[in-house]
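Notes to accompany the following structure.
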Amino acid sequence: MRTATLGPAERAESLAGMAERELDILVVGAGVVGAGTALDAVTRGLSTGLVEARDWASGTSSRSSKLIHGGLRYLEMLDFALVREALKERGLLLERLAPHLVKPVPFLYPLQHKGWERLYAGSGVALYDAMSMAKGHGRGLPLHRHLSRRHALRVAPCLKKDALTGALQYYDAQMDDARYVATLVRTAAAYGAKVANRARVIGFLREGERVVGARVQDVEGGGEYEVRAKQVVNATGVWTDDTQALVGERGQFHVRASKGIHLVVPKDRINATTGLILRTEKSVLFVIPWGRHWIVGTTDTDWDLDKAHPAASSADIDYLLEHVNSVLAVPLTRDDVQGVYAGLRPLLAGESDATSKLSREHTVAHPVPGLVVVAGGKYTTYRVMAKDAVDEAVHGLDQRVADCVTEDVPLVGAEGYRALWNARARTAARTGLHVVRVEHLLNRYGSLSEELLDLVAADPGLGAPLTGADDYLRAEVVYAASHEGARHLDDVLTRRTRISIETFDRGTRCAREAAELMAPVLGWDEGQIAREVQHYEKRVEAERESQRQPDDLTADAARLGAPDIVPLG
């Protein structure tokens, strides 16, 4: 299978190609569900287009807890079907579809009561493991274990001694959510899908009551395209209702946004060799290992303000610090927080006012002929949502269509990953890079890391780390623009890498250097480089200001102080 390159020329070709002849399926929205839907459709032999108004995963799908999990707490709600489905998907991702991107991660669940709690929680975790193994997709993870208080404090010395009587340790999995989506898009493109970001749907094409395509605006070039398709899939997440309004239909269900915020703190601030899962009065709190950092989250509150840039308020940050500090021997302070990010979950609205009680399950509907809507769900089960959306769209196609095959379609970079991992010391010796750098590339790009090593071979200067963000090589910035569809500095520092949340300066120190690396690929002159850096600095300052505000309203107003789009010269 050829590897798709998503540079500026390929984007222009995709937009022109979509407008040239009628597609079988046009997918609107390139979060994890939209990207997954495009991959599902194209691997069934359907001509497929995918358009995204901003960047791949720029909404919910880059701002999650970065977990691939079965949803242990849904067992307590007796939602066995959802847990079983998610555990199967977790196993597929770990073992077959994306072993280079999805990795096991241990969690410690502190017990606070003797006797009954160990029995109750232990039964739940045992059932979780059993359900995972039952379908043959649990082999990639160790089974849970019971720990005494002394043993628990050995693996998590950060905990207060009086915060637990013992503990359970179990395993789930994690990934870099934005990188996962970019890889999904590239996989769909490799199989023939036409994909374009910064391409906004501004209206739908109608023939009578039937939707027959969409009017797509090139946000970068300013052109407008009529893209005709036999079926259009609306996979716009928290924007579902807004997209439906373009058809003049609210649809058969309503999607509400729930805000979740996360803090990123340096690894040395929490002394543990395992992640933590803690109960709160409303939900659960995770402390998740993340390279040289920890991610602490999340909140779960209703949000009806700006969807593009949900803001974390000072109250949100205090809430997380207060809850995590209730069990930490050495409390975290505001000064320990390197990064903060806020995301919106698309929840199917129900009778409950509390977003924590709204459905995480997904729904697919066909509100008008030619238009399919998919909404709800959780990151882990994106492939099932995509399958259901394409199955629904197929009903409207006057042709025989193959069944879903994505259970057996590894993402680009997966094939050959384990062999390259085993040979990483040889690769390090061959390239002159430290073996840790080779491991870093393999865990972000899999076998595609050879393409980055080719860039370094051609220009050894790209093998150096970025100034002020030395976890990342300069080659990764160039590659993001040339191969992964990055169009702006923000795309690289926020989503292709995680520099915006992994450094105390939020990426401002390396912004100029990164923009200069992107410039030759994207044809930027000195003026555009300056505009990109200025835009990014304003974004960082607006986010910092929002995080000093007391509530959602003031935080939202502060975040909107930065412009959304970088002007092109």
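Just so it is clear, the structure is predicted and the values come from calculations on it, not from any experiment. Starting from 1, each residue takes its place in the sequence as its number.
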So which atom in [X] and which in [Y] form the shortest heavy-atom distance, rounded to 0.1 Å?
X      : Y      : answer
Gly376 : Met385 : O-CE, 3.0 Å
Thr380 : Ile68  : OG1-CA, 3.5 Å
Glu220 : His488 : OE2-NE2, 3.0 Å
Thr240 : Ala375 : OG1-CB, 4.1 Å
Leu94  : Val102 : CD2-O, 3.5 Å
Glu52  : Ala30  : OE1-N, 2.8 Å

- prompt: Taking the six-membered ring of Tyr225, is NZ or CZ of Lys194 closer than 6.0 Å to its centre and within 45° of its axis?
  reply: no
- prompt: Only one of His440, Glu502, Arg498 forms a side-chain hydrogen bond (donor to acceptor under 3.5 Å, both in side chains) with Tyr472, so which one is it?
  reply: Glu502
- prompt: Once the angle between the rings of Tyr417 and His100 is folded into 0 to 90°, is it parallel (under 30°), tilted (30 to 60°) or perpendicular (over 60°)?
  reply: tilted
- request: Over 60° means perpendicular and under 30° means parallel, so classify the ring planes of Tyr479 and His483, tilted if in between.
  value: parallel
Flag for [Y]-[X]: side-chain donor and acceptor within less than 3.5 Å:
X      : Y      : value
Arg495 : Ser58  : no
Arg383 : Thr406 : yes
Ser61  : Asp177 : no
Thr236 : Thr243 : yes

query: Out of Val340, Asp316, Thr298, which residue meets the side chain to side chain contact (heavy atoms under 4.5 Å, CB included) rule with His262?
result: Thr298
query: Are the side chain of Arg206 and the backbone N or O of Val247 linked by a donor-acceptor pair below 3.5 Å?
result: yes
